[in-house]
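We count ligands from 1, going down the list as the structure has it; atoms in each ligand are counted the same way. We count residues from 1, following the sequence as given.
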Amino acid sequence: MKSTRKRLVVGNWKMNLTVGEGYKLLAQLDKNISASPKTEVVICPSAMALGSYQRQVATLKFKLGAQNIHWQDQGAFTGEISAAQIAKFVDYAIVGHSERRIHFGETNDIVARKVSAAVRNGLIPIICVGENLIERQDDHTARVVHDQLAAALVMLTTREIANVVVAYEPVWAIGTGEIAKPEQLKDAVRVIRKTISELYGTGASAQVRVLYGGSVEADFVADYLKLGGLDGFLVGGASLSAPSFTAIIKAVQSGKLAKAHS
Ligand code: PGA
């Protein structure tokens with residue numbers, strides 16, 4: 001069966017680039033790539049840049065995403081930005097990135113509330129799940145991925161779940177140059193789809209888009225797309241330079257999917 005899921009490439013700029021530098025990078029990317037109806041490209045810059053980039057992306061080939069949101073829509077939360085406030089600027093929101101879990105104490109419960117806030121405000125959450133090195137070495141990867149994902153989805157209805165994006169991001173692969181091996185990735189994608197299918201049915205599971213993140217480079221993107229069940233990539237470091245991000249986007253746009261892309 002042919003998949004109707006759109007491919008997705010997400011660039012997470014994290015706390016990098018000034019507004020001006022990001023503006024230049026967007027302009028270069030716009031020159032380098034052509035729009036493709038089958039592939040969405042989402043840039044997640046610093047929140048302070050969103051207002052000015054929004055005017056630029058309206059004429060470009062990208063969508064914008066937030067790197068983080070608060071779980072409440074408004075209130076006394078100094079320094080935070082709510083999904084309700086940011087929804088005017090972005091279509092997507094990354095939720096539960098391991099850097100937020102590690103450095104800002106985000107628990108599975110907080111992630112669930114943020115996922116709910118994203119959906120409530122019309123944003124597509126990109127939910128990050130993944131094991132750390134010790135969990136992998138102790139053979140707990142499947143349990144960790146299952147538990148993080150099941151917890152993150154708990155406040156959504158089955159219909160809402162079909163629209164979410166799940167990014168498998170093993171913590172040991174983020175920013176390290178280490179890449180999940182094809183077998184490791186296949187196993188994790190299988191756990192993600194099985195978890196959704198067991199909890200919410202095969203229909204929801206078949207509609208959810210699943211990404212891989214962790215030291216993504218252009219040279220393995222096409223091969224990984226062929227593994228089956230994977231819809232794209234969440235890119236950190238390599239999204240900060242026009243040549244490397246362009247190469248990744250083009251590889252996803254032209255890559256072949258597995259025959260059984262489920
Ligand atoms: P990386 O980051 O591509 O630099 O490993 C990925 C991420 O944190 O999403």
Side-chain angles (χ1 to χ4, degrees), residues 7-17 21-22 25 29 39-47 49 62-69 90-106 111 114-115 118 123-133 135-136 141 144-145 148-149 152 164-182 184-185 188-189 192 208-225 227 230-252 255:
R7 299 173 192 197
L8 179 59
V9 187
V10 183
N12 175 10
W13 288 358
K14 308 191 179 180
M15 199 174 68
N16 294 297
L17 306 179
E21 287 164 345
L25 177 52
L29 289 170
T39 307
E40 282 182 297
V41 180
V42 177
I43 309 278
C44 303
S46 157
F62 316 104
K63 290 184 169 158
L64 290 173
Q67 296 178 13
N68 177 43
I69 48 170
V90 299
D91 295 298
Y92 287 81
I94 297 174
V95 180
H97 191 283
S98 61
E99 285 154 14
R100 297 219 48 98
R101 294 180 193 257
I102 294 165
H103 303 306
F104 302 97
E106 280 192 14
V111 172
K114 290 187 173 195
V115 167
L123 303 180
I124 298 176
I126 301 167
I127 303 167
C128 300
V129 297
E131 80 289 358
N132 63 31
L133 188 58
E135 290 161 341
R136 158 126 338 242
T141 298
V144 171
V145 169
Q148 286 182 348
L149 183 57
V164 309
V165 175
V166 180
Y168 170 59
E169 295 215 308
V171 179
W172 48 269
I174 294 177
T176 59
E178 294 251 353
I179 305 152
K181 294 194 180 67
Q184 296 173 324
L185 179 55
V189 172
I192 288 167
V208 166
R209 285 182 290 175
V210 179
L211 311 181
Y212 167 72
S215 299
V216 173
E217 295 288 350
D219 43 8
F220 67 84
V221 155
D223 286 342
Y224 275 32
L225 273 182
L227 293 175
L230 194 70
D231 302 290
F233 299 88
L234 176 49
V235 188
S239 71
L240 292 170
S241 105
S244 56
F245 200 39
T246 300
I248 291 169
I249 294 166
K250 286 190 171 167
V252 173

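In this view, Arg136 and Glu131 satisfy the salt bridge (Lys or Arg N to Asp or Glu O under 4.0 Å) rule, not counting sequence neighbours. Take Val171 and apply the side chain to side chain contact (heavy atoms under 4.5 Å, CB included) test, not counting sequence neighbours, and it matches Ser98, Ile102, Asn132.
Every atom of ligand 1 with a heavy atom of Gly237 under 4.0 Å away is listed here by number and element: 1 (P), 3 (O), 4 (O). With ligand atoms numbered from 1 in the order given, ligand 1 contributes 7 (C), 8 (O), 9 (O) to contacts under 4.0 Å with heavy atoms of His97. Ligand-side atoms of ligand 1 in range of Gly214: 5 (O), range being under 4.0 angstrom from any heavy atom. Residue-ligand proximity, Ser215 to ligand 1, at heavy-atom distances under 4.0 Å covers atoms 1 (P), 3 (O), 5 (O). Every atom of ligand 1 is numbered from 1 in the order shown, and the set under 4.0 Å from a heavy atom of Gly175 is 1 (P), 4 (O), 5 (O). Set against the non-hydrogen atoms of Gly236, the atoms of ligand 1 under 4.0 Å away are 1 (P), 2 (O), 3 (O), 4 (O), 6 (C).
In terms of polar-atom proximity, Leu234 is not counted as a contact of ligand 1, lacking any N or O under 3.5 Å from an N or O of the ligand. Considering backbone and side-chain N/O atoms, Lys14 comes within less than 3.5 Å of an N/O atom of ligand 1. Among the atoms of Ala238, none of the N or O lies under 3.5 angstrom from an N or O of ligand 1.
Ion pairing between a basic and an acidic side chain is recognised when a charged N comes within 4.0 Å of a carboxylate O; Glu106 and Arg101 show no such pairing. Checked for salt-bridge contact, Arg7 and Glu40 miss the test: no charged N lies under 4.0 Å from a carboxylate O.
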Problem set entry | Worked verdict on Glu99 versus Lys14 for salt bridge (Lys or Arg N to Asp or Glu O under 4.0 Å) | CA-CA 10 Å; Glu99 285 154 14; Lys14 308 191 179 180; 2.8 Å; yes
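The heavy atom nearest to atom 9 (O) of ligand 1, out of those in Glu169, Gln67, Glu217, is found in Glu169.
In this structure, Ala167 and Ile126 approach most closely via the heavy-atom pair CB-CG2, 4.2 Å.
Using a 4.0 angstrom heavy-atom cutoff, Ala173 counts as in contact with ligand 1.
Side-chain contact between Asn12 and Val235: absent, with no pair of heavy atoms (C-beta onward) separated by less than 4.5 Å.
Ring orientation note: the planes of Tyr212 and Tyr168 are tilted relative to one another, at an angle of 30° to 60°.
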